[in-house]
Protein chains: 2
Amino acid sequence: MTDHLSQTFAALADPTRRALLADLLKGEAYVSDLAKPFLKEMSLPAVTKHLKVLEKAGLIKKTKAAQWRSCQINAAPLKDATDWIEQYREFWEESFDRLDEYLKTIQAKKKTKGSKNGRSKT
Amino acid sequence: MTDHLSQTFAALADPTRRALLADLLKGEAYVSDLAKPFLKEMSLPAVTKHLKVLEKAGLIKKTKAAQWRSCQINAAPLKDATDWIEQYREFWEESFDRLDEYLKTIQAKKKTKGSKNGRSKT
DNA sequence: TAGTTAATTAACCATTTAGTTAATTATAAT
DNA sequence: ATTATAATTAACTAAATGGTTAATTAACTA
């Protein structure tokens with residue numbers, strides 16, 4: 001599993017790590033601040049380990065200041081991940097098209113009974 | 001690790017599984033055909049297992065025809081994955097901008113020494 | 001009916017992962 | 001010099017992952 005993409009996807013395959021990255025959307029933060037929301041569910045060393053996984057995957061960078069470690073997002077690997085997934089876009093859009101078509105058929109059959117369905121989040 | 005997004009990313013975090021999905025870009029295929037390129041590296045049951053991971057993650061659908069199982073891509077989960085990643089786009093684009101700026105500075109310093117660097121793959 | 005083909009399931013093994021508690025490092029503060 | 005704070009490392013455990021070979025299921029074929 002040593003290749004970059006695998007490492008990136010593996011890092012993202014954990015809700016705690018995704019939440020940590022989401023927290024970092026707001027900006028740089030210290031380990032202890034990042035850890036705070038998780039300390040009911042897990043220990044500090046557990047968070048440290050998750051951060052280490054993110055760091056090894058190149059998704060965060062740490063900088064040292066006194067006894068604090070400040071973390072920030074490094075999103076570059078996410079570009080490669082999204083580029084890989086992008087190959088499949090036509091497939092999911094196609095299936096939405098089929099859904100649209102299906103829904104239109106339904107509507108046609110329902111004739112004058114009013115419209116209720118439609119593709120959401122588009 | 002039961003949530004959908006985690007399952008999707010975990011499924012993608014393996015080069016064999018990504019290669020299987022890539023093969024399916026060309027269209028529907030039987031398990032035995034999909035397996036062929038990998039049988040030097042691993043056994044058929046190993047491939048079966050990878051396909052099962054993809055199936056559980058909802059990334060492929062299997063249909064039965066006699067003793068053959070035909071697999072096809074179901075890309076819908078990839079939309080959620082890419083939507084999640086999309087939140088970070090500004091971050092990687094921003095860092096490319098910084099790189100551009102840096103490279104411009106370098107160029108400026110090099111003055112008349114000619115241009116050699118620039119952002120690649122854009 | 002017996003044999004072949006396609007694929008899965010079972011049983012097992014080694015490695016990795018995600019967590020724990022306890023100990024350690026490094027810096028700051030009194 | 002001692003103590004407190006921030007974070008990591010060490011040592012351990014349970015469960016998940018990715019692979020194996022052997023056995024089994026299910027359908028077609030002669």
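Letters A, B, ... are given to chains in the order of the sequence lines, protein chains preceding strands, and every chain is numbered from 1.
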* To do: Walk me through it: do A/Trp92 and B/Asp80 pass the test side-chain contact (heavy atoms from CB on, under 4.5 Å)?
  => CA-CA 10 Å; A/Trp92 75 72; B/Asp80 295 328; over 6 Å; no

* **Check: B/Gln7 side chain, B/Lys56 main-chain N or O, donor-acceptor pair, under 3.5 Å** => yes

* Asked: Is there a donor-acceptor pair under 3.5 Å between the side chain of B/Thr8 and the backbone N or O of B/His4?
  -> yes

* Structure fact -> Expected list for residues 27-41 of chain A near DNA chain C, using heavy atoms below 4.0 Å, is A/Glu41

* To do: Determine which nucleotide pairs with D/dA23, using a 3.5 Å limit on both distances of a Watson-Crick or G-U wobble pair.
  => C/dT8

* Asked: side chain to side chain contact (heavy atoms under 4.5 Å, CB included) with B/Val31: which residues, sequence neighbours excluded?
  -> B/Leu44, B/Leu51, B/Arg69, B/Cys71

* Please confirm whether the backbone N or O of A/Leu12 pairs with a side-chain atom of A/Arg18, one donor and one acceptor, at under 3.5 Å? => yes

* Take atom NE2 of A/His50 and atom P of D/dA7, then tell me their distance rounded to the nearest Å. => 17 Å

* Do side-chain atoms of A/Tyr88 reach the backbone of B/Asn74 as a donor and acceptor pair under 3.5 angstrom? -> no

* **Ring geometry between A/Trp68 and A/Tyr30 (parallel below 30°, tilted from 30 to 60°, perpendicular above 60°)** => tilted

* Structure fact -> In whole angstroms, the gap separating P of D/dG18 from CZ of B/Arg18 amounts to 12 Å

* Taking CE from B/Met42 and P from D/dG18, how many angstroms apart are they, rounded to a whole number? -> 10 Å

* To do: Provide, to the nearest angstrom, the distance between the CG atom belonging to A/Leu51 and the P atom belonging to D/dT9.
  => 12 Å

* **Any-strand Watson-Crick or G-U partner of C/dT30, both distances under 3.5 Å** => D/dA1

* Asked: Step by step, would you call A/Asp14 with B/Phe9 a side-chain contact (heavy atoms from CB on, under 4.5 Å)?
  -> CA-CA 8 Å; A/Asp14 182 283; B/Phe9 283 129; over 6 Å; no

* Structure fact -> Contact string for nucleotides 23-30 of chain C, one letter per nucleotide 5' to 3', B = base within protein heavy-atom range under 4.0 Å, S = sugar-phosphate only, - = neither, reads ----BS--

* Asked: So if you build clusters from Ile, Leu, Val, Met, Phe, Trp, Tyr with side-chain heavy-atom gaps below 4.5 Å, do B/Val47 and B/Val53 land together?
  -> no

* To do: Please give the nucleotide sitting opposite D/dA30 as a Watson-Crick or G-U wobble pair, both distances under 3.5 Å, or none.
  => C/dT1

* Asked: How long is the line joining NZ of A/Lys62 and C1' of D/dA6, in whole Å?
  -> 12 Å

* Please state how far atom NZ in A/Lys49 lies from atom C1' in C/dA22, giving the value in whole angstrom units. => 13 Å

* Please state whether the phosphate of D/dA7, meaning OP1 or OP2, lies under 4.0 angstrom from any side-chain nitrogen or oxygen of A/Thr48. => no

* **Integer-rounded Å distance: D/dT17 P and A/Gln7 CD** => 18 Å

* Using whole Å, report how far NZ of B/Lys52 lies from C1' of D/dA16. => 17 Å

